[in-house]
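Bear in mind that the values here come from a model prediction, so they are computed numbers and not experimental data.
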Amino acid sequence: MKKSLKLFALMAALVCVIGTASMAAVTSVIIYTNNTSRDSTSIYCSSLIDGFGVNDASSTKGLYYTLRFEGTLGSTEAYSRLMQPGTGSMGPSEVSSWSTLFTGKTVPSGNGNYFIRLNPQGALANGCYGAGKLVD
């Protein structure tokens with residue numbers, strides 16, 4: 001009995017580890033019209049990555065989607081793209097249509113932690129309703 005219970009526990013643990021390892025890492029962030037910028041949480045990226053963004057038609061400015069690499073002394077820009085208003089669309093507090101910014105891109109600054117910064121065009125500007133998503 002004890003032997004079969006130990007085997008069952010070992011198999012359950014392996015299923016959890018294998019299932020977790022095969023899941024893609026994803027981070028996302030939403031920016032609202034009163035924000036001057038927003039950052040996502042960082043995720044570890046080690047392979048090909050995909051980036052998606054939205055700048056809703058209700059936005060009054062362009063919105064930068066910037067992929068940033070976390071280093072030991074802060075972060076550096078790895079990729080940036082300006083999205084004009086109407087790039088994708090937002091529903092109430094969620095994304096209803098993503099626009100693909102890049103897909104199958106090799107991690108630009110090598111393996112490590114990356115995050116998204118959404119920043120309206122202009123110094124300390126606001127007026128954008130949008131989102132960004134990064135998938136490893």
Side-chain angles (χ1 to χ4, degrees):
M1 180 73 171
K2 286 183 180 180
K3 212 175 204 180
S4 64
L5 188 57
K6 285 181 182 179
L7 181 59
F8 177 77
L10 178 63
M11 294 302 289
L14 282 174
V15 167
C16 288
V17 169
I18 292 168
T20 304
S22 64
M23 289 175 46
V26 178
T27 189
S28 61
V29 61
I30 293 177
I31 189 167
Y32 298 96
T33 55
N34 61 334
N35 298 130
T36 56
S37 73
R38 292 286 301 231
D39 290 348
S40 72
T41 58
S42 64
I43 59 171
Y44 185 80
C45 297
S46 62
S47 58
L48 301 178
I49 55 176
D50 300 317
F52 306 94
V54 175
N55 189 12
D56 192 70
S58 66
S59 297
T60 59
K61 296 179 174 55
L63 178 64
Y64 284 101
Y65 172 108
T66 304
L67 179 64
R68 300 196 59 88
F69 177 75
E70 282 188 348
T72 53
L73 298 175
S75 66
T76 56
E77 184 178 302
Y79 171 88
S80 185
R81 177 146 173 213
L82 179 64
M83 300 180 292
Q84 295 302 326
T87 305
S89 61
M90 300 290 292
S93 300
E94 63 183 40
V95 177
S96 47
S97 173
W98 291 100
S99 176
T100 302
L101 302 177
F102 55 84
T103 186
K105 182 176 184 61
T106 304
V107 287
S109 298
N111 296 350
N113 291 324
Y114 287 83
F115 67 94
I116 303 163
R117 176 167 292 156
L118 297 178
N119 189 19
Q121 190 175 19
L124 298 174
N126 59 13
C128 291
Y129 182 38
K133 179 168 67 171
L134 174 65
V135 181
D136 178 38

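- Ser28 places no side-chain N or O within 3.5 Å of a backbone atom of Gly132 that could act as its donor or acceptor partner.
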What's the verdict on side chain to side chain donor-acceptor pair (under 3.5 Å) for Ser99 and Thr87, showing C-alpha distance, side-chain angles and the deciding distance? CA-CA 6 Å; Ser99 176; Thr87 305; 5.7 Å; no

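- For the atom pair CG (Asn113) and OH (Tyr44), the distance works out to 8.0 Å, reported to the nearest 0.5 Å.
- Atom-to-atom distance recorded for Asn119:CG and Cys128:SG is 9.0 Å, nearest 0.5 angstrom.
- Counting Ile, Leu, Val, Met, Phe, Trp and Tyr side chains that sit under 4.5 Å apart, directly or through other members, Met83 shares a hydrophobic cluster with Val29, Ile31, Ile43, Ile49, Leu63, Tyr65, Leu67, Phe69, Tyr79, Leu101, Phe102, Val107, Tyr114, Ile116, Leu118, Leu134.
- Hydrophobic clustering, with ILVMFWY side chains joined whenever heavy atoms are under 4.5 angstrom apart, groups Val95 together with Val26.
- Within the model, atoms OH of Tyr129 and OG of Ser59 stand 9.5 Å from one another, a figure rounded to the nearest 0.5 Å.
- Nearest approach of Gln84 to Gly62, heavy atoms of both residues: OE1-CA, 4.3 Å.
- A donor-acceptor pair under 3.5 Å links the side-chain atoms of Asp50 to the main chain of Gly104, judged by distance alone.
- The backbone N or O of Thr41 sits less than 3.5 Å from a side-chain atom of Thr27, completing a donor-acceptor pair.
- Using a 4.5 Å heavy-atom cutoff, the side chains of Phe52 and Val135 are in contact.
- With rounding to the nearest 0.5 angstrom, the CZ atom of Arg68 is 11.5 Å from the OG atom of Ser40.
- Ser47 and Asp136 share a side-chain donor-acceptor pair at under 3.5 Å.
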Assess whether side chain to side chain donor-acceptor pair (under 3.5 Å) is satisfied between Ser89 and Asp56, documenting all intermediate values. CA-CA 5 Å; Ser89 61; Asp56 192 70; 5.2 Å; no

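- To the nearest 0.5 Å, atom CH2 of residue Trp98 and atom CE of residue Met90 are 7.0 Å apart.
- The minimum heavy-atom distance between Tyr32 and Ile30, with the atom names listed, is CZ-CG2, 3.5 Å.
- The distance from the OG1 atom of Thr66 to the CZ atom of Arg81 is 12.0 Å, given to the nearest 0.5 Å.
- Side-chain contact between Leu48 and Lys105: absent, with no pair of heavy atoms (C-beta onward) separated by less than 4.5 Å.
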For Asn126 and Thr33: C-alpha separation, side-chain torsions, deciding distance, then whether side chain to side chain contact (heavy atoms under 4.5 Å, CB included) applies. CA-CA 6 Å; Asn126 59 13; Thr33 55; over 6 Å; no

